[in-house]
Structure formats: C-alpha cells, structure tokens
Amino acid sequence: MHSKVDFLVIGTGMAGLIFALKVAEYGKVCVLSKTDMDETATSYAQGGIAAVMYSPDSYEKHIADTMNAGGGLNDENIVRITITESTERIQELVDWGTHFDKEDSGKFALAKEGGHSEFRILHHKDNTGYEIQRALSERVRNHPNIDLLEKYFSIDLITQHHLDQEVTRRRKDTTCYGVYALNQKTGEIETLLAKTTLIATGGIGNIYQTTTNPTFATGDGVAMAYRAKAIVKDLEFVQFHPTSLYNPGEKPSFLITEAMRGAGAILKTREGNEFMLTYDPRGSLAPRDIVARAIDNEMKHSGDDNVYLDARGIPNSEIMHHFPTIYAKCLSIGIDITKDMIPVVPAAHYSCGGVKADEYGRTSICNLYATGEVADTGLHGANRLASNSLLESAVFSHRAALDAIAKIKDIKFIHSVPDWDAEGMVLMEEMILITQTKKEVQSIMSNYVGIVRSNIRLKRALDRLEIIFKETEDLYQKSIVSEEIFELRNLINVAYLVIKFAQRRKESIGLHFTIDYPKKEQSN
Ligand code: FAD
Ligand code: SIN
C-alpha cells in the first residue's frame, strides 16, 4: 500500500508533536508511533524543562552552565540559540495548555538540578513530561490535518538507494522520500511517501541492560539514518542517570529525579556515609557524569549492588507536594521515603549523540529533518545538562517546522517507489534467537561500554558484536518481517556505532571516561 503526505513525522514525543502541530497549518501531516501515541520518553520525564524566566538568572548563566557540563565540546552557536529562545518556547507550551507549578505569587516555581547555577527548572510536580505530552497529544488528536498512525514501525528511510540499486555510497544530493513502515495490526509493510520527513524517534537506552528509557527506545532513528548514509556523531556520549530506583527486574528502571537532590536529598553508602564531597565540592549536585562515576566507584569498592539516596531531610509536605509519584512508587515496593533511604543505581538515560542536525534540524539528507533526542545539534557536547533535552526538542522542532514550511511548496512528490522487498523471508520459528541475542548485546554494552571504559574492553565488545552482527544479518535474510527482528538489527547497528565512536576518542571527557586516557580534565 502506498500513501502520500506533505509532512511525515516519525515519533509522537514532544519533538514529533510540536513539529506536527506547526506544519499542519501548511499541508497534510501523518504522524507515526511505534507503540501507543503517549508511550514516549517525553511522558516519563520527571524533573522538568530548563529555561531562563526571571533574574537573577540570565541567558549568559544558563549558557555557561550548559557549556561547562558539556566539557566545552558543545556548539556555542547552538547553545546560544537554544537558551535565548527558551522563554518564548515555554510561553508557547503554556499557551497550548501545559500547566507548570506556580508559587503563591503567581510566578513559576523553579527547581534546581545538578550543574545548574540557578533555580530554572519549570516542572509539574514530578511528572512534567506527562503533563507536556497530555497537552500536545490533545491538540494533535483534534487537528483535522493530522493523521495519527499508532503501532506503525518505521523500518527504513526511502532514498535514491531504493530507486537505483547501483547507488551504494553517500552522495551529496541524497534525498528522503518517506519511509517503509510495518503496520503492526495487519503485518503488512507499507510505503509512506512524503515531501518532507522528520525523524523524532527518541533514544537508544535499550542497548544497555539497565535503562530509564521505555522499551521502544532501541535507537531505530539513528540506525535508519545511518543505513541511509546520513551523518551521525558523538555516539560515545551516553548519559547514565545516577539515580534510578534499584528494583531488580523492573523495565524500564524507575527514575528518581535529580530535582530531589536539588531539594536536599543526599547520596549515601549503605552505612549512611555521605560520599560525594570526596569527589566534587558540589557534592550530590555535581554534574551527572561525575556523580554516576562516583557511584560506580563506590559500588565497585564496597561490592554493594546499589548506593542510597537519603531524602529524609526534605520536609514531608514538600515530598507530598513536589514528589508524589516517587513517594507512591517507592511505597508500592515497601520503601517509605520519608523514613527510609532509597536504593539507587545509575542507568543508561540519554544519548547526547545522534543524527547530525543543524540549527534548523536539517540532516545531511535533503528533505530529512531530525529533532529531539535522536538528533545531535551540538547542544550537549560531551555531557547534557539536566532538563536541557525537553527544551532542545521544543526549540529545534519549532525551527525545523519553520524551515520545512518555507520549502514545502518547491518540493515535488516522487512518482514511483518499489515496494518493500520481502523476498526470501520465511517463517521465523526460532524466536529465542532474537530474544537471546538482544540480551547478549545488552550484556556486552553494559559490561564493556558502560560508565568506565578501556581500550581492551571496547575491543572485546567489538569482537563479540561482530559475531552477533553476522549471525543476525543471516537471520534477518530468513526471518518473517517482525518488529523484533527489525529492532534487534537496529540495536546492533547502534551498539556498533557507540563502540566505534568510543574507540575513536582517545581522551576522557564528559560522559566518555576511559582508564587508558585518564588525564583530561573532567567537566566542572
Ligand atoms: P520520545 O518522547 O522518546 O518519543 C519517541 C517517539 O518515537 C515515540 O512515539 C516512539 O513510538 C517513536 N518511535 C521510535 N522508534 C520508532 C519507529 N521505528 N517507528 C515509529 N515510531 C518510532 N529530559 C528533560 O529535559 N527533563 C526531564 O525531566 C527528563 N526526565 C526524563 C526522565 C526519564 C525517565 C527519561 C527516560 C528521560 C527523561 N528526559 C528528561 C529526557 C527526555 O524525556 C527525552 O530526551 C525527550 O522526551 C525525547 O523526546 P523525543 O520526542 O525526542 O522522543
Ligand atoms: C531528572 O528528573 O532527573 C531527569 C532530568 C533529565 O534527564 O534532564
């Protein structure tokens, strides 16, 4: 089946929905989600969205904090754009119906998180992302120009490579014409053609065993773009959130927001000793890379499976008012956070790298944009400052929409595209091969390409992955089309890229820490 729209949006998180709402005034839009529309990382976001709202905060302070966290590898122009446009984008979210918590004075209540020199995190209790998703989803569902396709798995971007089998190398004018997508309700692969395509597929967290990311986050967007020969970058910079709830077997890992440390919670050992001050003068509120490494070190030395977050110093009223979701979640597994310390471990949380995108979200492929977590605009450098990613989605989806709207009238539809070639695929009976291989990839990445790396660990990871890659490509040729085999292939592609980028970087900086090059100064 073929269908044609002006704007195709892959992803229904904040990045996809903002773009869709903006372009929908200028043409027909189709929005795809792999699962249900609201099952997004956006919905899970707790802490909030960083923006400069009132003095004594200033754009310059937020810019400096972002650059410091990023170890100076950030693109300063992009940082400046993001932060100077933050106030306007927040106002737009409010105009669209998002509620952020306010003080009695009517001003927004602002929280503080690691690496921020000021209180600047707008939030809605401890479920900010859910509130943003709610407001955006409502508008998208009711928009007459937007078609929503849920449970549609985007497999591959359609480019000249599909029209001309001879083209195998990157070409300057590679153009995107849409995607092949698996309609999970019918099992059919459909050809969705578009003048303009946005990838907003979110993160890659599931290449690791422990992650805060929803299970759909298997790096599909990065893998699709890479296979289409788009430029990808900075994939060595995987952010581990220091404090996910230690609750073995739970997927995704439940996050304990950094805002809790901003409100006074302190990291401690099993014995109740505060340890962060021996690593950094900012203690529990040092940037994430430093805190995650410190926890990793403490766990390795003590042999414990976790450390603890002590929130008992926060007044009960503040816990109930600002952190009701965390309070209820912990209580559901027998932990009363007003009386007990919370067991926590680091978990893969955010990919700073991704598909290279410029200040208008444009990728290296014509008519293909990337925004949100899948994109690498250069905002985060070597380490993302907390709560800067929702902001990045808002700013660059807005900008990508401006660019796409300006160009749409000059883009023609492609006439004919071959259907997906499913020849040679037979029934996949050995499902265990897929599930087992997925676990193997996650284990390799967690053991050898985690918070602390070395040359030998990275080499071992690559050697193991190459075997798995060959086995999986073979399986892929024979398998019946299924989300599982497509996802596995993407996971392997992305894991490979993370290792290759990590091997290429011969220094320790930000989120990439290797014991073979330990000297380089860490972010401060
Ligand atoms: P997502 O919101 O993840 O949406 C991705 C969409 O892509 C989904 O609709 C999915 O179905 C779709 N998709 C993926 N692959 C395919 C495919 N193959 N085919 C079709 N559709 C596909 N950031 C902050 O700034 N502040 C916070 O407080 C914060 N807290 C967080 C807490 C948690 C637990 C997590 C996991 C992340 C948090 N982050 C936070 C990060 C932030 O939430 C994400 O980076 C951001 O929401 C990403 O938005 P997105 O629109 O790019 O992707
Ligand atoms: C958190 O609430 O700690 C997550 C914030 C973020 O990932 O930016």
Side-chain angles (χ1 to χ4, degrees), residues 8-19 31-51 111 113-116 121-124 126-130 132-133 136-137 148-157 179-182 184 192 198-205 211-224 239 241-245 252-262 288 323 326 347-352 354 370-375 380 384-394 396-397 483 486-487 490:
L8 178 65
V9 179
I10 315 169
T12 55
M14 186 172 180
L17 297 187
I18 289 180
F19 179 89
V31 184
L32 254 65
S33 75
K34 182 173 165 178
T35 55
D36 293 330
M37 180 188 194
D38 293 332
E39 173 60 4
T40 61
T42 299
S43 291
Y44 285 80
Q46 290 186 356
I49 178 165
E113 293 179 348
H116 288 273
I121 318 294
L122 290 112
H123 54 88
H124 179 269
D126 54 359
N127 63 1
T128 312
Y130 186 84
I132 294 174
Q133 181 84 28
L136 296 175
S137 286
L148 173 64
L149 301 181
E150 292 174 289
K151 297 200 166 65
Y152 264 70
F153 185 102
S154 172
I155 305 167
D156 265 320
L157 299 169
V179 298
Y180 291 114
L182 171 65
Q184 295 170 69
L192 306 179
L198 171 76
I199 317 182
T201 48
I204 66 169
T211 178
T212 60
N213 289 191
T215 50
F216 75 74
T218 48
D220 301 346
V222 173
M224 274 190 292
Q239 184 169 71
H241 196 291
T243 57
S244 77
L245 180 65
S253 296
F254 182 80
L255 188 77
I256 306 292
T257 178
E258 194 157 317
M260 205 160 223
R261 278 176 279 139
R288 278 186 195 168
F323 306 109
I326 294 176
H349 182 63
Y350 185 85
S351 174
C352 294
T371 58
E373 187 165 343
V374 71
H380 308 302
R384 176 180 67 106
L385 186 66
S387 288
N388 262 358
S389 47
L390 293 177
L391 176 62
E392 184 187 32
S393 297
F396 291 99
S397 288
E483 181 179 342
F486 291 135
E487 266 191 349
N490 290 340

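All ligand and atom numbering here is 1-based and tracks the order in the structure.
Checked by distance only, ligand 1 and Thr212 stay at 3.5 Å or farther apart across all their nitrogen or oxygen atoms. At under 3.5 Å, a nitrogen or oxygen of Met14, whether backbone or side chain, sits near a nitrogen or oxygen of ligand 1. The shortest N or O to N or O distance between Asp220 and ligand 1 is below 3.5 Å. At least one N/O-N/O distance between Ala41 and ligand 1 falls below 3.5 Å. Geometrically, ligand 2 and His349 share a nitrogen or oxygen pair separated by less than 3.5 Å.
Looking at heavy atoms from C-beta onward, Arg384 lies out of side-chain contact with Glu392 at the 4.5 angstrom threshold.
For ligand 1, the atoms lying closer than 4.0 Å to a non-hydrogen atom of Thr35 are 11 (O). Heavy-atom proximity to Gly372, at under 4.0 Å, picks out these atoms of ligand 1: 52 (O). Taking every heavy atom of Ala15 and a limit of under 4.0 angstrom, the matching atoms of ligand 1 come to 51 (O), 52 (O). Near Ile10, with a cut-off below 4.0 Å to any heavy atom, the atoms of ligand 1 are 19 (N), 20 (C), 21 (N). Each of the following atoms of ligand 1 lies closer than 4.0 Å to a heavy atom of Thr12: 6 (C), 8 (C), 9 (O).
The protein non-hydrogen atom at the shortest distance from atom 21 (N) of ligand 1 is Lys34 N, 3.2 Å. Closest to atom 47 (O) of ligand 1 among all protein heavy atoms lies Thr42 OG1, 2.9 Å. Looking at atom 29 (C) of ligand 1, its nearest protein heavy atom turns out to be Ala45 CB, 3.4 Å.
In this comparison of Ser389, Gly47, Gly48, the heavy atom closest to atom 26 (N) of ligand 1 sits on Gly48. With distances taken over non-hydrogen atoms, the option nearest atom 44 (C) of ligand 1 out of Glu373, Glu483, Arg384 is Glu373. Between Arg384, Arg261, Arg288, it is Arg288 that holds the heavy atom closest to atom 4 (C) of ligand 2. When Gly202, Ser244, Gly11 are ranked by how near their heavy atoms come to atom 7 (O) of ligand 1, first place goes to Gly11.
At a 4.0 Å heavy-atom cut-off, ligand 1 does not touch Gln184 at all. At a heavy-atom cutoff of 4.0 Å, ligand 1 is contacted by the side chain of His349 but not by its backbone. Of the heavy atoms in Leu255, only side-chain atoms (C-beta onward) come closer than 4.0 Å to ligand 1. Contacts with ligand 1 closer than 4.0 Å are made by no heavy atom of Phe486, backbone or side chain. If you look at Leu255 next to ligand 2, the close heavy atoms, those under 4.0 Å, all belong to the side chain.
With no hydrogens or angles considered, a side-chain donor-acceptor pair links Ser397 and Thr371 at under 3.5 Å.
Between His349 and His241, the ring planes lie perpendicular to each other; the angle is over 60°, past the 30° to 60° tilted range.
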